[in-house]
Structure formats: C-alpha cells, structure tokens
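These figures come from a predicted structure and were not determined experimentally.
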Amino acid sequence: MASRAEPTSGAEPPDAGGRRDWRDVARDAADLALLGILLTLAAVPLLTAAAAAGTASAAVHDWTRTGSWPSARTTVRRFGRSVLPGAPVSLLALVGAALLAADLAALATGRVPGGPAALLVTALIAASLAGYAGLVVVEVGGNGGGRWRASARSAARACLDVPTRWAALTGVVALAGLLAVLVTPVAVPILAGYTVAALHAVTGRRSVSAAVVGRRELP
C-alpha cells in the first residue's frame, strides 16, 4: 500500500487548505479496496474474523494518524499475535449474529408472534449492537489490533458517554449492510475496507467535536 505522507524534500509544500488532487483520492481508494480484500481473505476461516478485523483496524488507525500504512511485517505480526485471543471473540460474534438473524427471519415470516412492532424493535437492537461492535473494532485498532476485552469495556463507556457517536456508528454499519445486499458479491470485500475506514472517520470526528464542545463549556 502506498504512503500518503507528505514528502519532506524535492516537492512543493501543500497549500494552506491541504488540497489533494484526484490522484491522492484514487490512491486512497485503491489502498482501502486492497485492505478490504485482504481482510476478507484473512477472515475466511471464520474463527480468524476478529483477528482480521482488528489487524485491519490497526492499519487504518496508523494510516489516519501518520499518513502511512504499516509495513507488511508489522501487519503479519499483529495478525498472528491476535489469532488465538480473537478466536473466542469471532465465535461469540458469529453465534450472536446467527441468533439475531434467525430471530429476525422468524419474526418477518410470522413463525413467532410479535408482528411488525417486535420485528422493528429486534432490528433496532441488532443495529445498535452492530454499531457497538463497530466501535469495539475501532478501539481494538487503537490498541494495535488486540486487547478485545479492554476495548469492549472502553467502547461500552464511550457509547454511554456519547450516544450520538453510537448512533452515527450504527448508521455506518447499517448503511454498509444495505450496500452489501445491493452491490454485486464481488464488491463486498472492497466494501469491508471502506467500512473500517468510515468507522474510524466517524469516531475521530465525533471525538474531536466532543472535545471542542467540552473546551467551550469550560469557564
């Protein structure tokens, strides 16, 4: 993956507005598409899904902070180190997703009582849990791709402290799920990379906004 870090010599400095041309945008899009493909391939065994998501999140965290992607050696080391600790997380996420999907299908087809109201409530709960999971993935990325338990606790506190960020992340995950259904299956791995980047972008934006508001409220 290419670096988007600004050159230190032999090039003109960027303008005051940090303007970027179409080549920068195209390079970023290609990098994120490759990230999504690698994430999907690494998650194919299913029990490595958490390790793959955490490693991809750590790569995006580095990219958004430094402008450069981590080296292949660093990425492989992060993935290998998080496979075993992430296996129970992968299993828990898969079981939870399967149970929610079965519940939604049963409600939608009328096999269980509840009707549209129960279906709507269950769908909102599922979306909220997905938004929380998205924040956990972002927190794991900030921890180098691991420490799932600590990241889950931190994400839970963040959701309660800033519900608007939780809602925004829920919207990101819901939109990604809708696009995954609408686009061709070949494009779904590419969408995964963009989704991880969007989760980081929304989390970072909400954090900055909250900090600014907090400073304004200081006497």
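At distances below 3.5 Å, at least one donor-acceptor pair connects side-chain atoms of Ser71 with backbone N or O atoms of Thr74. A donor-acceptor pair under 3.5 Å is formed between the side chain of Ser57 and the backbone N or O of Val137.
Hydrophobic cluster membership differs between Leu199 and Val140, with clusters built from Ile, Leu, Val, Met, Phe, Trp and Tyr side chains linked at under 4.5 angstrom. Residue Leu99 is not grouped with residue Leu119 when hydrophobic side chains (ILVMFWY) are merged at heavy-atom distances under 4.5 angstrom, including chains of intermediate members. Hydrophobic clustering places Val121 together with Leu100 (ILVMFWY residues linked when any side-chain heavy atoms are closer than 4.5 Å, directly or through intermediates).
Atom CD1 of Ile190 is separated from atom CG of Leu39 by 13.0 Å, given to the nearest 0.5 angstrom. The CG atom of Leu169 sits 11.0 Å away from atom OG of Ser128, with the distance rounded to the nearest 0.5 Å. A distance of 6.5 Å separates CG of Leu91 from CG of Leu47, quoted to the nearest 0.5 Å. With rounding to the nearest 0.5 angstrom, the CG atom of Leu32 is 10.0 Å from the OG1 atom of Thr195. With values rounded to the nearest 0.5 angstrom, Leu38 atom CG is found 4.5 Å from Leu34 atom CG. Atom CG in Leu135 sits 5.5 Å away from atom OG1 in Thr203 (nearest 0.5 Å).
For the residue pair Leu104 and Ala123, the shortest heavy atom distance occurs at CD2-N, 3.8 Å. In plain terms, the two heavy atoms of Ser82 and Thr55 that are nearest each other are OG-OG1, 3.9 Å. Taking both residues in full, the closest heavy atoms of Ala43 and Ala49 are given as CB-CA, 3.8 Å, listed atom of the first, atom of the second, then distance. In plain terms, the two heavy atoms of Gly145 and Ala58 that are nearest each other are N-CB, 3.8 Å. Residues Cys159 and Tyr132 come closest through the heavy atom pair SG-CD1, 3.9 Å. For Ala180 against Leu191, the heavy-atom pair with the smallest separation is N-CD2, 3.5 Å.
Applying the side chain to side chain contact (heavy atoms under 4.5 Å, CB included) test to Pro189 and every residue at least two apart in sequence or in another chain returns Ile37, Thr40. Leu84 meets the side chain to side chain contact (heavy atoms under 4.5 Å, CB included) test with no other residue; sequence neighbours excluded.
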Exercise for the section: Evaluate the side chain to side chain contact (heavy atoms under 4.5 Å, CB included) criterion for residues Tyr194 and Leu35: first the C-alpha distance (whole Å), next the side-chain angles of each, then the deciding distance (0.1 Å), finally the verdict. Expected result: CA-CA 9 Å; Tyr194 293 144; Leu35 176 73; over 6 Å; no
Exercise for the section: Under the side chain to side chain contact (heavy atoms under 4.5 Å, CB included) rule, what do Ser68 and Trp63 come out as? Steps first, then yes or no, please. Expected result: CA-CA 5 Å; Ser68 299; Trp63 177 64; over 6 Å; no
Practice task
Could you walk me through whether Ile125 and Leu129 pass the side chain to side chain contact (heavy atoms under 4.5 Å, CB included) test, one step at a time?
Solution key: CA-CA 6 Å; Ile125 292 174; Leu129 289 174; 4.1 Å; yes
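Between Trp148 and Val136, the closest side-chain pair of non-hydrogen atoms falls below 4.5 Å. Counting only heavy atoms from C-beta outward, the side chains of Thr48 and Ser90 never approach each other to under 4.5 Å. Counting heavy atoms from C-beta outward, Thr170 and Leu124 have side chains that stay 4.5 Å or more apart. The shortest distance between side-chain heavy atoms of Phe79 and Val83 falls below 4.5 Å.
We find that Arg78 and Asp62 are joined by a salt bridge, their nearest charged nitrogen and carboxylate oxygen being less than 4.0 Å apart.
Taking Ile, Leu, Val, Met, Phe, Trp and Tyr as members and joining any whose side-chain heavy atoms lie under 4.5 Å apart, directly or through other members, the hydrophobic cluster of Val183 also contains Val188.
In summary, the side chains of Ser151 and Ser154 do not present any donor paired with an acceptor at a separation below 3.5 Å, with no hydrogens or angles considered.
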